[in-house]
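Working notes for the structure below.
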4 protein chains.
Amino acid sequence: MEKILQEAILHGQKYTHNGNPASYIPELQKVNSSDLGVYIRTLDGKEYGVGSYQQKFTIQSISKVLVLTLALMDNGFDKVFGKVGVEATGDPFNSIVRLELKHLQKPLNPMINAGAIATTSLILGKGGNEQIERILDFAKLVSDNPHISINEDVYHSEVQTGDRNRSLAYFMKSTGVIEEDVESLIQVYFKQCSIEMNCQDLARIGALYSNNGICLKTGKEIIPKSICRTVMAIMTTCGLYDASGEFAVNVGIPAKSGVGGGILAAVPNKIGIGVYGPALDDKGNSIGGIEILSYLSDVLDLSIF
Amino acid sequence: MEKILQEAILHGQKYTHNGNPASYIPELQKVNSSDLGVYIRTLDGKEYGVGSYQQKFTIQSISKVLVLTLALMDNGFDKVFGKVGVEATGDPFNSIVRLELKHLQKPLNPMINAGAIATTSLILGKGGNEQIERILDFAKLVSDNPHISINEDVYHSEVQTGDRNRSLAYFMKSTGVIEEDVESLIQVYFKQCSIEMNCQDLARIGALYSNNGICLKTGKEIIPKSICRTVMAIMTTCGLYDASGEFAVNVGIPAKSGVGGGILAAVPNKIGIGVYGPALDDKGNSIGGIEILSYLSDVLDLSIF
Amino acid sequence: MEKILQEAILHGQKYTHNGNPASYIPELQKVNSSDLGVYIRTLDGKEYGVGSYQQKFTIQSISKVLVLTLALMDNGFDKVFGKVGVEATGDPFNSIVRLELKHLQKPLNPMINAGAIATTSLILGKGGNEQIERILDFAKLVSDNPHISINEDVYHSEVQTGDRNRSLAYFMKSTGVIEEDVESLIQVYFKQCSIEMNCQDLARIGALYSNNGICLKTGKEIIPKSICRTVMAIMTTCGLYDASGEFAVNVGIPAKSGVGGGILAAVPNKIGIGVYGPALDDKGNSIGGIEILSYLSDVLDLSIF
Amino acid sequence: MEKILQEAILHGQKYTHNGNPASYIPELQKVNSSDLGVYIRTLDGKEYGVGSYQQKFTIQSISKVLVLTLALMDNGFDKVFGKVGVEATGDPFNSIVRLELKHLQKPLNPMINAGAIATTSLILGKGGNEQIERILDFAKLVSDNPHISINEDVYHSEVQTGDRNRSLAYFMKSTGVIEEDVESLIQVYFKQCSIEMNCQDLARIGALYSNNGICLKTGKEIIPKSICRTVMAIMTTCGLYDASGEFAVNVGIPAKSGVGGGILAAVPNKIGIGVYGPALDDKGNSIGGIEILSYLSDVLDLSIF
């Protein structure tokens with residue numbers, strides 16, 4: 001397995017020079033753009049890592065998966081999907097157009113920024129501090145890593161450049177999708193994006209979803225099976241921004257990317273994968289990370305189709 | 001298995017009164033809107049049918065699956081996906097807006113009308129007659145039914161009311177996506193939509209995709225495996241119009257619906273399913289058909305997630 | 001002339017019951033919706049008023065005319081029209097879609113909210129307090145009324161319900177159209193909307209534009225002629241939201257409406273008119289006010305066409 | 001006056017090298033792109049011409065003015081404006097997006113292609129031949145030139161490249177805006193665009209509108225005054241595609257441009273102007289023609305504002 005992972009990294013390295021780190025958040029540019037790492041956890045508990053798999057990065061949009069899961073556990077399907085839909089958009093992640101065109105009802109899905117902000121607003125807790133604490137605790141729980149924390153430098157960098165997200169949030173406030181204070185909500189959102197993990201953390205989270213929410217160590221249910229399936233379905237249709245369809249066709253694995261360079265992947269009933277590569281393509285996905293997953297999907301026959 | 005199918009039909013019957021047959025094609029309204037049928041073919045060759053599974057109906061948008069498959073076999077991935085994308089839209093099936101907004105490049109995917117018309121234009125053949133003949137032959141081949149034919153009444157009904165599709169085709173002609181004569185192309189498109197099948201035909205087609213394109217009877221490859229997987233991925237992300245995401249979440253099976261009331265479903269490596277129920281929901285999907293598939297997915301654990 | 005104005009009021013009264021006061025700002029609903037007033041100032045200095053012409057109301061979007069004028073005087077044509085265009089939109093006043101679709105360049109014109117907010121950001125002054133003070137001073141100057149002030153109740157009412165405008169402002173901040181602090185800017189914007197005037201004030205302002213910016217009393221130039229013409233042209237093409245074209249066809253007078261119920265009208269080289277009627281049509285224009293202006297345009301032959 | 005016109009031409013010549021002839025209709029490229037002509041007719045019957053004012057060109061979108069006028073005379077205001085609106089769009093002339101977004105109701109105005117095609121469908125006459133004959137007769141009447149004819153080469157060139165217009169027409173057919181046969185209608189539309197005139201013809205038409213529809217020679221009413229005013233208002237708000245607002249601000253004269261290089265201008269109660277210059281800016285307006293009109297507006301004080 002380790003040899004396959006090494007080949008996957010070699011394959012991915014052919015592509016990293018075509019990408020660039022995220023430029024809109026200054027702090028995210030301070031990376032080595034040729035870094036690549038991959039980590040796998042199988043459902044019988046084995047783990048394999050190659051490359052920069054210990055390198056920490058902020059999870060950014062991958063947090064949308066965790067927050068959607070927690071929001072569903074907090075509120076149930078009806079309440080969450082009354083606020084946010086589950087349809088893919090074919091739009092860039094920060095588009096505002098469809099909010100207005102779709103009759104102001106609700107964001108199209110929880111994997112675009114508008115939908116994610118609306119989802120975050122549903123996390124239980126008295127005020128923003130309690131909300132982000134609960135999100136961080138949940139991140140620790142699902143990654144089985146009590147040392148997960150928020151990268152304060154990235155968080156402050158997000159705060160300064162997050163005007164498009166503020167615009168989305170105020171728009172939804174004006175249409176009633178969001179009820180709470182926008183600035184408090186947006187701080188929680190920036191903080192969840194700034195949670196720091198490595199490939200190992202992502203692989204363990206992926207394995208938990210793959211295993212229908214049952215902890216591999218204890219056998220206890222951490223996430224209900226129906227929520228795991230729902231989240232993996234949404235990852236499949238909406239997980240890679242407006243390249244989600246292409247990824248489904250070429251790779252065929254439920255996955256979620258973040259502009260920090262990470263991708264969380266969960267092959268149902270098989271394995272969890274974490275990849276990292278901060279060089280992004282023009283849609284905001286890790287260019288080497290996609291190639292690694294594509295390679296592994298082919299060699300290990302991981303496609304769900 | 002037959003008992004399960006009967007229960008599925010009973011479950012579906014609770015919903016048919018909430019839907020209506022397609023109204024925009026006059027001929028499609030001449031149906032019994034409470035009809036429901038289901039047919040299953042397993043990969044070990046067993047078949048089960050319950051309800052109106054012998055009832056013929058026009059496949060309408062289900063033809064998009066067949067034509068995409070044939071276009072890929074005729075032209076290869078690069079040529080086809082140079083003309084049409086693979087991203088879901090969240091738009092109704094007949095929307096023209098995104099063609100213009102997305103910089104005139106290409107239709108977002110082959111499961112919306114614009115993308116399907118562009119795909120049809122890639123079917124090899126001298127003129128429209130040869131194109132539709134090849135499509136019909138392919139339909140006979142994959143359904144293992146030499147008696148498949150075109151419903152002329154529906155075809156003529158489509159011709160008269162197909163102005164939105166003509167608009168889409170002329171738009172793409174003006175932007176260079178389509179090169180051939182629009183009126184000839186649109187006739188092929190209307191004819192492929194008017195191909196008549198029953199649930200048994202759909203189930204056998206579904207089983208062929210489930211079996212990665214290998215004929216269950218002869219063991220011969222009818223469709224290359226990579227094309228089967230690609231088509232099933234696109235069915236998953238775009239197969240039920242702007243309810244594709246909801247279907248992925250609730251049912252989790254690659255499927256394609258048509259406004260004639262049919263749904264073609266293919267569970268990878270497991271079974272093929274054909275359902276029929278002409279009462280449609282407001283997005284154009286068989287309301288009872290979706291419920292039958294949802295029931296079967298739960299009971300038989302068919303979700304790919 | 002007074003008889004004509006009385007007839008105009010009688011004509012307008014036939015329509016007020018079809019409209020309603022603005023509902024989205026709570027404070028604006030506290031009006032008598034059957035009120036109607038009209039005031040005229042001719043360029044030879046005569047003035048006539050009938051109906052509720054002394055009734056004060058907040059000028060709301062009429063402030064866009066004053067702020068555009070002051071921004072042009074502060075910055076010149078090139079700087080202002082580098083930030084905001086001059087094309088009509090056919091969109092509702094608070095639409096955000098076109099900001100994104102039009103390649104993020106700049107708001108289409110200074111009479112829609114996005115364009116007005118961008119225009120306000122160009123008003124010279126150290127901070128929001130100095131900006132709004134300069135706007136208020138300019139309002140006093142052009143209306144020749146030193147008692148003009150801000151209605152604090154309406155201002156506080158705007159602040160609470162102004163999330164759509166905040167969304168527009170943050171969007172423009174994210175694209176670089178706006179550089180200053182959004183919350184400070186938006187306070188200035190809400191305050192300029194809450195400036196209180198009556199029909200007499202509006203008529204005097206209108207007469208100043210009609211007279212190419214030359215004060216009727218002193219003969220001094222208050223606004224350069226080229227700016228007056230530019231502003232009257234923009235009032236003609238964009239002054240009544242997405243009913244601007246209809247108003248140009250039916251009335252043919254440069255005018256600007258506000259959801260407070262006022263309309264400022266300026267007939268080039270002839271007269272200035274102020275009308276008031278808080279019952280609005282579904283596009284946000286005073287329903288009786290439009291009818292009064294339509295009546296006067298016919299009887300006094302005021303159309304510029 | 002002739003000296004002023006010569007200076008205007010000299011002024012315009014500084015800009016022609018920045019533009020290009022229309023490229024989307026092959027036949028329109030066969031012009032001398034540095035040609036410039038201007039012709040003026042005053043309401044006391046004097047006429048002045050300078051430059052290529054005898055050069056014939058196809059009127060293209062200028063036909064929209066004639067057809068709107070004739071449609072209003074044929075059907076009255078209510079019927080015409082029940083089919084097509086009067087709001088400017090800020091969109092390019094051939095945009096289809098707003099047709100769909102604006103709830104399929106009706107094209108925004110008769111000066112964009114969609115609205116013009118809908119207007120043409122209202123011209124009385126048995127079939128396309130009679131319709132185009134009536135339009136041509138009307139063109140001869142208003143230009144006082146019985147030799148006006150259709151340029152067959154351009155017409156055939158339009159037919160071949162008119163797929164975007166066919167798309168617009170079929171879209172409107174599908175939504176019920178248009179009831180007649182699309183191909184017949186589109187032929188009439190292409191023919192009206194191919195009507196050939198020179199600057200003199202345009203100036204005389206302009207003078208007729210300026211004179212409220214009263215023939216300068218006979219004193220007879222050719223077009224009702226209310227229709228003249230309506231058409232001049234629509235020219236002001238929508239006459240130069242998505243540069244209409246800019247033209248209103250900079251020039252301030254009701255005008256309509258065509259991609260053949262002509263501009264028809266009508267200064268109410270003053271003069272009619274025809275200009276020609278086939279080098280177009282990127283919005284499809286004669287780049288030299290606009291400059292000539294801008295120069296004349298300044299020197300002769302022609303702005304209506």
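Residue numbers start from 1 in every chain, and the chains themselves are labelled A, B, ... in the order their sequence lines are given, proteins ahead of strands. Everything numeric here is computed off the predicted structure, so don't read it as measured data.
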d(Met232(B) CE, Ile304(A) CD1) to nearest 0.5 Å is 10.0 Å
*Approximate separation, where rounding is to 0.5 Å, of Phe247(B) CZ and Thr237(A) OG1*: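 Here the rounded value is 13.0 Å.
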- Step through the shown structure and confirm whether more than 12 heavy atoms of other residues, nucleotides or ligands are within 6.0 Å of CG on Asp301(A).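 It does: Asp301(A) CG has more than 12 such atoms within range.
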> Around Asp44(B), counting heavy atoms of other residues, nucleotides and ligands shown, do more than 12 lie under 6.0 Å from its CG?
Replying inline: yes
Any salt bridge between Asp298(B) and Arg229(A), counting N to O under 4.0 Å? no
Sort by residue number and list every member of residues 206-216 of chain A having a non-hydrogen atom under 4.5 Å from chain B.
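None at all.
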Scored by heavy-atom pairs under 4.5 Å with chain A, the best of Ala266(B), Ser244(B), Gly252(B) is Ser244(B)
Sort out for me which of Ala243(B), Ala248(B), Gly85(B) touches chain A most, counting heavy-atom pairs under 4.5 Å.
->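 Highest number of pairs under 4.5 Å: Ala243(B).
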Give me the atom names and distance for the closest heavy-atom approach of [X] to [Y].
X	Y	value
Ala88(A)	Ala88(B)	CB-CB, 3.4 Å
Tyr241(B)	Glu87(A)	O-OE1, 4.5 Å
Pro254(A)	Phe305(B)	CG-CD2, 4.3 Å

Heavy atoms only, distances under 4.5 angstrom: which of Gly245(A), Cys238(A), Cys228(A) has the most pairs with chain B? Name it, please.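 Ranked by heavy-atom pairs under 4.5 Å with chain B, first place is Gly245(A).
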